[in-house]
Protein chains: 2
Amino acid sequence: MSQMLQIYDQLREMILSLDLGPGERMTERWLESRFAGSRTPIRAALVRLEGEELVRRDGRNWIVAPIDLGELEALSEYREPLEATAVRLACARASEADLAAIEEMLDACQSGAPREEWHRVGTDFHVAIARLSGNPFIVKAIESVMARLSRARWLEVWTEPSREQAWAEHRRILDCIRRNQPDEAVRVAAEHIRDTRDRLLRSLNDDRRGLRARGFAVIGGR
Amino acid sequence: MSQMLQIYDQLREMILSLDLGPGERMTERWLESRFAGSRTPIRAALVRLEGEELVRRDGRNWIVAPIDLGELEALSEYREPLEATAVRLACARASEADLAAIEEMLDACQSGAPREEWHRVGTDFHVAIARLSGNPFIVKAIESVMARLSRARWLEVWTEPSREQAWAEHRRILDCIRRNQPDEAVRVAAEHIRDTRDRLLRSLNDDRRGLRARGFAVIGGR
DNA sequence: CCGGCTTTCTCGGTATCCCAAATTGGGATA
DNA sequence: TATCCCAATTTGGGATACCGAGAAAGCCGG
């Protein structure tokens, strides 16, 4: 694989896993030493990440995108009709095998599982459902949404009740699709999205101070 | 402004206006001579355009993204719930001044206006409505959708009846928002989106041969 | 001790260079 | 005429060199 893609993957992972703090400044020359490779592939990776808005320009500098609390509301408003459409289409188009695969994914996530596992499955569930819609634009949009939520969700998966509630809601959505009840599926999915928004806002507001203390840029909110 | 942005803008415009044919191959060194500037800013512009999927890799080569007929259906399916949400939110959030500005934009497009004008206004209308939603994610999504439809729409604005019908539908959507009838607005907008899809599919299928003759790559469809 | 000035250093933007892989073109051969 | 093979060329990926702008650091006079 090309160096550029390697660097892109690593950098993206470092950002989404909070290895690089939101708001942190990166110089191309620091990245050059951090990863093996010259500025050429690093620049390409940065431009790419800029397109996903995981990285941003601050004047002439590159910074990791800050966590924006205000964004959470808009994101919820945006994804709700998309995921509603996704579950509706999934009811019409998904095969039993597709649904079984998703169920297996959910079941693989037991109480004792590490936080990374809950975090990953929580993302993958939504993307997998979107995939059932058969619509590549919906899939891409949901992937992008989950990437934007990724960093905030590390806080959500910190507490047992949040994890469990999200998991239960995922299960209910899946069941509605399996029973081919599109209207109910849409209702449950919308409720899940609003619940998630509230959970994330609460987590972030609670931990805001702690995050700032760790040097994370957390902006917006009311 | 940086060279990279200049090149990006020009190249994007050339692609969206069909100045560069869909499927056409570009070498970095040809672009280097076409625009003044070295490969470095050109490559940055290409990576950016790749993120918008206006440019694509074909093996090791860069090509202008082909026009994909199959994509039109998926796009319609994708944008319908988004624009439905947009008009619904617009009903709740738009000011009279906002609506007047959009009406003015529509009115500026008279029968005698050049095709470029119809094309531009057709795009801007949808983006403007999305903006009324106040949700930046919806705006970005609609901008992206309209960019993807841009090239196909050159055919749509070719014929008088198509132009007029789209214009009338835009007007009806605007009126529903102004009268604050969200459900009706959603219905009309959804109908407009389906009509547009059908018009575009018909235009493209009709002109498919002609487009191919011009060296345009047109793929997909049934 | 402070404020304004100059010097230095750093960084991103751009140009250029090098390389390996891939494509191409042509000639020999069947 | 079709096919294979090899050299020459082209191409994109990466590395490096250079530049100018802006920030930081030092310096000097008050």
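Chain A is the first sequence line, chain B the second, and so forth, proteins listed ahead of strands; every chain is numbered from 1.
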**OP:** Report yes if the side chains of A:D195 and A:R199 come closer than 4.5 Å at any heavy-atom pair, otherwise no.
**Re:** yes
Subject >> Any residue of residues 39-47 of chain B with a heavy atom less than 4.0 Å from an atom of DNA chain D >> reply: B:R39, B:R43
**OP:** Round to a whole Å and report the spacing from CG of A:L31 to P of D:dG14.
**Re:** 15 Å
Original post:
Taking a pair as Watson-Crick or G-U wobble with both distances under 3.5 Å, which nucleotide is matched to C:dA30?
Top reply: D:dT1
Subject >> Parallel, tilted or perpendicular, as decided by the 30° and 60° cut-offs, for the rings of B:H170 and B:H126 >> reply: perpendicular
Report each atom pair, protein N/O against N/O of nucleotides 9-11 of chain C, whose distance is under 3.5 angstrom.
residue: C:dC11; atom: O2; partner: A:R60; partner atom: NH1; Å: 3.3
residue: C:dC11; atom: O2; partner: A:R60; partner atom: NH2; Å: 3.4

Original post:
For the pair made of CH2 in B:W62 and C1' in D:dG12, what is the distance, rounded to whole Å?
Top reply: 9 Å
Subject >> Whole-Å distance separating the CE atom of A:M1 from the P atom of D:dG14 >> reply: 11 Å
Original post:
Do A:D206 and A:S203 meet the criterion of a side-chain donor-acceptor pair at a distance under 3.5 Å?
Top reply: no
Original post:
If we ignore angles and hydrogens, is there a donor and acceptor under 3.5 Å between the side chains of B:R153 and B:T123?
Top reply: yes
Subject >> Length of the CD-C1' vector between A:E50 and C:dG12, whole Å >> reply: 13 Å
Original post:
Think B:R57 forms a cation-pi with B:W62, using NZ or CZ under 6.0 Å from the six-ring centre and within 45 degrees of its axis?
Top reply: yes
**OP:** Could you tell me whether the side chains of B:N205 and B:R202 share a donor-acceptor contact shorter than 3.5 Å?
**Re:** no
**OP:** Output the single nucleotide from D:dG13, C:dT14, C:dG12 whose closest atom is nearest the side chain of B:S2.
**Re:** C:dT14
**OP:** Look only at the side chain of A:R56 and the backbone of A:A65, and say whether a donor-acceptor pair between them is shorter than 3.5 Å.
**Re:** no
